[in-house]
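So that the names make sense, note that chain A is the first sequence line, chain B the second, and so on, each numbered from 1.
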Amino acid sequence: MNDDRIIAILKSGRRNKALVRLYRYYPKVEKLVCSRGGNKADAQDIFQESLIIFCERIQNESFKLTSAIDTYLYGVCRFLWSNELKKRNRRTGLAIPIEEQPAEEVEVDQEREEKIQKAMSALAQIGARCLELLKLFYYQSLKMEEIAEAMGLSSAKVARNQKYKCLERAKLKLKEEQH
Amino acid sequence: MRPELEMIALIERYLLKELDEADMREFDKRFESNSTFRQEVELQRQLMDGINRLSLKISVQKAGKIYKWTKLAWQAGLGLLGAAVVAAAFVIFTNRSTEEAPAPDTHPIVPMDSVVVDTIYTPEGDTQMVKTVVPKTTPQAESPKPIKEVSRWIEAGRYIPSQNFEIRADKGNVIETKGGLVMAIPADAFVDENGSPISGAIQLEVKEALDPVTIIKAGLSTVSNGDLLETGGMFYINATQAGKSLQMDPKAKMLVEIPTDSTLEGMQLFDGEGTEDGRINWVRPQPQEQYLSAVNIHQLDFYPPTFRRRVARSGLDATDKPFVDSLFYSFTCEEMYERYYDERTQLRFDNVREEGRRGRRRRAIDDGEWVQAEQADSAYIRRDPAVCPGVNPSNIRAIWNDRFQNTNLSTKEFEERLKYIYQSCKDGILDLYVNNLDLPFYKVDSMVALRMTDKKMIRRFERFSKRRDGRVKVEDALVGQLSAYYSEKSRIFEAAANKTIREYWAEQRRLDTEATSRRIAYGVKERKRNLENYQKELNLNLDEAYRQLGQDRPRNIVASNRRYRFPMRSTGWKNVDRYVISSLNSRTTLNYTSKDGRKAVIEYEELRVKVDELESYDRVNAYLVTKELYSFMRMREMRDGFRENLNELIEYNMVCVGFNGDERGFFSVEQVEPGKIDIALGSISNTELENSLASLCKQRDKNDLLEDLAYQSFEIADAQRRLYNNEIRQIRRVLYRTVFRCSSITDRFGDQIPARSRR
């Protein structure tokens, strides 16, 4: 599967296979992170963050990938890791040897990130059942009938209602978070 | 539906782009005009983004898991999974009574070994760390053991809901349960009752009891041979095809990951054996070794306890790591712990004294006592390499670098132990850790505990060992290399540090000697100059006095070289001379009336010079240069300046020079008259200074002055040097005790001059 095909699949929304494919670029990242004061867990976190960034970016029409996915992911990981190191070292107070400048400067839209984080924390507060329902609808894209069956609800209509109630609840929590 | 919910539905359709054109336009209108509506839309959009992000996160994590398991699957090269074998708790079920013959749906007990569990990702999207690694292996799977009747289990099983999965027999599968259990099942893992592989679809039934509530509710026990265990979770798995129970191929290996919230110390893996009364007894515990995570070695603190603090308290910059390092490494052991040992007898001695002609014979000293010459054969006596009780800074220098990154030494666990090693006052402990980088910590800890003699230390390291800290994975080839590097570098660093220290103090002693001789020479010169000046001025005054008295000056009066005594060799006018002499001695006005009423008056009047900002200079000197005298005169120092009594017969130029490091301040007054003057020194370069002096005084004076100024410079610098050395000595004295806390030689510090043989 070459790069273009991967991107096409990711855009289409049925991304699992493509993501697994992208994981073959992980070993390089693991080597990078482990050789710079990180461990395997850090490497996995960093790599996953980079995949998330990548997937979200390509959903945006205006995003143009100028290099191979491999290079892009690696560059993003380098950037993320050096940020993380800086954060950690600030805590310990000792200076670390200066890393060479990362090739890819990843612009993080801070505002948007914050909004998303707030949304995620609001979602965490609505209860497991609600969250399950929303996941089934938005993530797994099941039909209402299927959702009703999986959740043990009597009909699609009921399920739909439940969904809206859950969304309302989430909105309320979010409103609380904002203020 | 409530209107609020209707709105949510509408907004959702909008965000999912499900509105038709007409509705879209309506929507936009409302969006523009109604700000509350706008807000609601934005909020919902934010939520959608959040949900999408969550979904994305789950997908990515899932992909990660699949990647990991498939990677492991192919690593073995046989399509089978990994080198580790299934483990964890295993619940045994049977649903028959003892009377019946064993039915095909018995469930074999898969023998357990240790499991590899690394990072686990729960369905909720959080990452949890479970670090338990035991790549030790394992005997092959045994044939299924006979099942004991445990009717109680039927009940237990009933309370736990089953989760069902369908897998294909000929493919490797990864399944994940609701509780987050992940199982990787290889292809062709199941066989029928004849032992031949199954094909087609297989139903898997999984029951899990991963939290305490479920475990208790289900009546499962956590008892091992009568002791209560703290469990990390249990599960049950049953494979069927068309209703028939399947067995697992003994050669197949299944990998299981169990999520836990924390890794508890001492977590072990147990086999479950059904007992007569329907319980499970957990037996054959295997401890889990923890792989450690390495950190950046440069972020660890390998200094002796309290070292950094002491450095800071001495007024030095403790945050300048290169400086603190070099200071620390400058302490060496060799000087303090001179040891010798006899190669043949392995006897150790404090010192060796050479005797006999050309030092051929040697006698050894131990604890201040002579040892018989026979016991220590001189030919075999060697100097012990730096044997340091506790830790030698050169050893630390050899390990505190990039070479040892990603080894056991670059861990917080080692940093912790090092603090105690310093306090242990035993040599060789550090070496144990460095030379055993392929062993887990707990093993080395117990080795160390054996070596200790102090009870507290023994207990401390035994406690370390109990923690069962593991190791950082290091290639085997590397381990040997690092060991060699360590011993070589330790020696080199020690030798280098010794050399540096020795050379420094030798140089200082040389400078001390030089300074002293220079001082002496200067003193001699000063005396000579003063004397000659005195003689000149005396002659001048005498001539003038006699002239005023209208007499000839007797020539048999010799200006002696002693100020306070004048040999009286003649009679007569000696009174005058005496008055003149005493007036010169005190530099006060001569006022002498002879017997016949004639007067001799030579006036001395004071000149006071006040110097602005005198304190801002290291040193200020004021000189008087004249034509009449042999050389310059120094003005006497006062609190804020200088003073001197000027002889009215002499014409003076005053020169004032200030020293401030390499800078010079200068002021001069030509033909200065007695009185009070205030001056401020202006900065001047050395060349300018020379020129000014040249214009103010005769050649010889100028040279003398420059020489004097040079000497002043030297004195200032030397005083600073001595002060600095004293500070160093002081600081080293303090720090020495911190670095070599085991030292019983309390009188040797600071200089660390090579020890002389004790007699």
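When all heavy atoms of A:L123 and A:I126 are compared, the pair lying nearest together is O-CG1, 3.1 Å. The two residues B:L437 and B:N408 have their closest heavy-atom pair at O-ND2, 3.5 Å.
Under a 3.5 Å cut-off, the side chain of B:R38 and the backbone N or O of B:F31 do form a donor-acceptor pair. A distance-only check finds no donor-acceptor pair linking the side chain of B:D49 to the backbone of B:Q46 [under 3.5 Å].
For residues 149-161 of chain A, heavy-atom neighbours of chain B at less than 4.5 Å comprise A:N161, sorted by residue number.
A cation-pi contact links B:K321 to B:W400, judged by a cut-off of 6.0 Å to the six-membered ring centre and 45° from its axis. Geometrically, B:R308 does not engage B:Y303 in a cation-pi contact, judged by NZ or CZ lying under 6.0 Å from the ring centre and within 45° of the ring axis.
Contact of B:E40 with chain A is made through backbone and side chain together, with heavy-atom distances under 4.5 Å. Residue contact with chain B, scored on non-hydrogen atoms closer than 4.5 Å, is absent for A:F47. In this structure, chain A has no heavy atom under 4.5 Å from any part of B:Q405. Neither the backbone nor the side chain of B:I297 comes within contact range of chain A; no heavy atoms are under 4.5 Å apart.
Taking the charged nitrogens against the carboxylate oxygens, B:R45 and B:E42 do have a contact shorter than 4.0 Å, which makes a salt bridge. Salt bridge present: B:K412 and B:E415 bring a charged side-chain N and a carboxylate O closer than 4.0 Å.
Between chain A and the options B:A9, B:A294, B:S410, the largest number of non-hydrogen pairs under 4.5 Å is found for B:A9.
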